[in-house]
Amino acid sequence: MRYKILFFILALSLIFIPVPIRAASPEKSTAEMLARERQALFEHMQMITGTPWYYLAAIDQYERNIHKKPKKNSDASASASLVRKTGIIFSPEKWSGFLNPNPEDTNPASISFFGGLGKDGDGDGKAEPDNDLDVVYTMASYMSKFGYTEDDIRIALWNYYARDKNVEIVSELASLFRHHNRLYLSGSAFPVPLHYTYSYRSTWGDPRGWGGRRIHEGTDIFAGYGTPVRATKHGVIETMGWNPYGGWRIGIRDVDSIYHYYAHLNGFNKKFKTGDVVQPGDVIGYVGSSGYGKPGTSGKFPPHLHYGIYRDNGKNEYSYDPYPLLKRWEREEYKTRRKKN
């Protein structure tokens, strides 16, 4: 064990050395730099524990997505967490042990005695839940106990989160990072090409009656039959097929764990299937008027794309208004087009 710690400390000297990147906005440069530093850390943990780096990255990203950011002027512990570069958070019970009388215990020996998961990752003799190295090493060590196959990892994730949706999302994020071999994934696209004729307005929350009283959980983008429908963000196709409300629909989970729902399609791009990775601008289907009935039902309303977005908070999933994002993506794409011209 000691040689692993020494090897890890040696490896750390490489992690936080600035990596040259091309000139960009300060915000983008900082985010890209942090992503590279995290990836280096996860890759070194893979060498030490055998746990695939992209699963560690996926767990970190998922927890970063579900945990609320501490408010300014909060207590000292919240302020300390602001300097962390990773987002994995262990509960005191999991870190120190459920029966441990000291929930803030940092002694690896007593933590182990009470069945806690906390480990010393940087060799300083303490297992600290606010220390990035200790936290990532603890998670990597926990995962490695279950094995290294995809099934082993999914079992480890379920034992940790005890929720199928968490396991599904983390696995999708892992496939996304593995596919691109990087963490920093930026860019967006409006759902339909700008040179096509379309119109939309904010319709989220409007009443709907088919199938029972409910609210409209999205924005309708009206366009002609066959208008291409595009992926708006980097993501993984989670669902693809028919449902009575949305007709032919596709669901894509993006890098921020947001679920993008494209409904009433006329058909799919046969290039893609469930589990495939997509990027902004990829054509995934075509505008139609399917839905409100059994498979194949169409024509009950004018052709349009129903676009909805849903956020997962670790316990449940809820919809929110996509209209502001659509307007922003539309403006950004028009701005990019003007620069090219």
Side-chain angles (χ1 to χ4, degrees), residues 65 187-235 237-269 278 280-313 316-337:
N65 294 336
S188 62
F190 192 71
V192 299
L194 299 184
H195 61 276
Y196 278 76
T197 301
Y198 65 88
S199 65
Y200 69 105
R201 62 182 180 83
S202 180
T203 55
W204 188 88
D206 288 355
R208 289 293 184 270
W210 191 87
R213 289 182 63 84
R214 55 196 173 89
I215 68 166
H216 188 233
E217 296 184 344
T219 293
D220 290 335
I221 302 175
F222 289 88
Y225 275 106
T227 298
V229 173
R230 306 186 298 174
T232 56
K233 303 287 285 184
H234 289 278
I237 297 178
E238 187 174 296
T239 56
M240 193 174 191
W242 179 272
N243 86 24
Y245 293 93
W248 300 117
R249 57 71 164 100
I250 294 178
I252 296 174
R253 184 76 58 179
D254 76 9
V255 71
D256 295 314
S257 304
I258 294 172
Y259 182 75
H260 302 249
Y261 178 70
Y262 307 77
H264 305 316
L265 301 177
N266 188 42
F268 305 120
N269 184 343
V278 296
D282 280 348
V283 174
I284 56 175
Y286 307 91
V287 171
S289 61
S290 61
Y292 284 17
K294 62 184 180 179
T297 302
S298 184
K300 289 192 173 185
F301 38 75
H304 68 277
L305 168 68
H306 169 97
Y307 178 77
I309 49 179
Y310 297 77
R311 183 179 295 278
D312 186 272
N313 62 11
N316 51 62
E317 199 163 57
Y318 58 92
S319 72
Y320 63 101
D321 189 359
Y323 183 79
L325 280 175
L326 290 170
K327 294 299 291 185
R328 189 178 83 189
W329 295 335
E330 186 181 35
R331 286 195 303 269
E332 289 174 350
E333 194 163 340
Y334 270 121
K335 186 177 179 180
T336 300
R337 284 180 60 182

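Salt bridge status for R337 with E333: absent, with no side-chain N to carboxylate O gap under 4.0 Å. We find that E330 and K327 are joined by a salt bridge, their nearest charged nitrogen and carboxylate oxygen being less than 4.0 Å apart.
Y225 pairs by the side chain to side chain donor-acceptor pair (under 3.5 Å) definition with S289, not counting sequence neighbours. With sequence neighbours excluded, no residue forms a side chain to side chain donor-acceptor pair (under 3.5 Å) with D256.
A distance of 15.0 Å separates OH of Y198 from CG of D220, quoted to the nearest 0.5 Å. Going from atom CZ of R253 over to atom CD1 of I237 covers 13.5 Å, rounded to the nearest 0.5 Å. From L325, atom CG reaches atom CD1 of I258 across 7.0 Å, with rounding to the nearest 0.5 Å. Between the CE atom in M240 and the CG atom in L265 there is a gap of 8.5 Å [rounded to 0.5 Å]. The CH2 atom of W329 sits 11.5 Å away from atom CZ of R230, with the distance rounded to the nearest 0.5 Å.
Using a 4.5 Å heavy-atom threshold, the side chains of S202 and D321 count as touching. The shortest side-chain heavy-atom distance between F301 and H264 falls under the 4.5 Å cut-off. Contact of the W204 side chain with the Y323 side chain is not registered, since no non-hydrogen atoms from C-beta on lie closer than 4.5 Å. Using a 4.5 Å heavy-atom cutoff, the side chains of N266 and V287 are not in contact. Side-chain atoms of T232 and Y307, non-hydrogen and from C-beta on, do get closer than 4.5 Å to each other. With contacts defined as side-chain heavy-atom distances shorter than 4.5 Å, the pair W248/S298 does not qualify. Using a 4.5 Å heavy-atom cutoff, the side chains of I284 and Y262 are in contact. Within the 4.5 Å cutoff, side-chain heavy atoms of Y318 are placed close to those of N313.
Aromatic rings from F190 and Y200 are positioned such that their centres are separated by under 6.0 Å.
When every heavy atom of R201 is checked against every heavy atom of T219, the shortest pair comes out as O-CG2, 3.4 Å. The minimum heavy-atom distance linking I252 with A231 is given by the pair CD1-CB, 4.2 Å. Scanning all heavy atoms of the two residues, the minimum distance from G218 to T203 falls at O-OG1, 3.3 Å. The two atoms that bring Y310 and S319 nearest to each other are CE2-CB, 3.3 Å, heavy atoms only. Scanning all heavy atoms of the two residues, the minimum distance from G281 to A189 falls at N-CB, 3.5 Å. Contact between F268 and Y286 at its shortest, heavy atoms only, is O-CE1, 3.9 Å.
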Stepwise side-chain contact (heavy atoms from CB on, under 4.5 Å) test for H260 and D254
CA-CA 8 Å; H260 302 249; D254 76 9; 2.8 Å; yes
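Under the 3.5 Å distance criterion, the side-chain polar atoms of S257 are left unmatched by any main-chain donor or acceptor of D312. Remark: side-chain polar atoms of K300 are paired, donor with acceptor, to backbone N or O of Y292 under 3.5 angstrom. A side-chain donor-acceptor contact under 3.5 Å links H304 to the backbone of P302. Checking side-chain atoms of R249 against main-chain N and O of G241 turns up a donor-acceptor pair under 3.5 Å.
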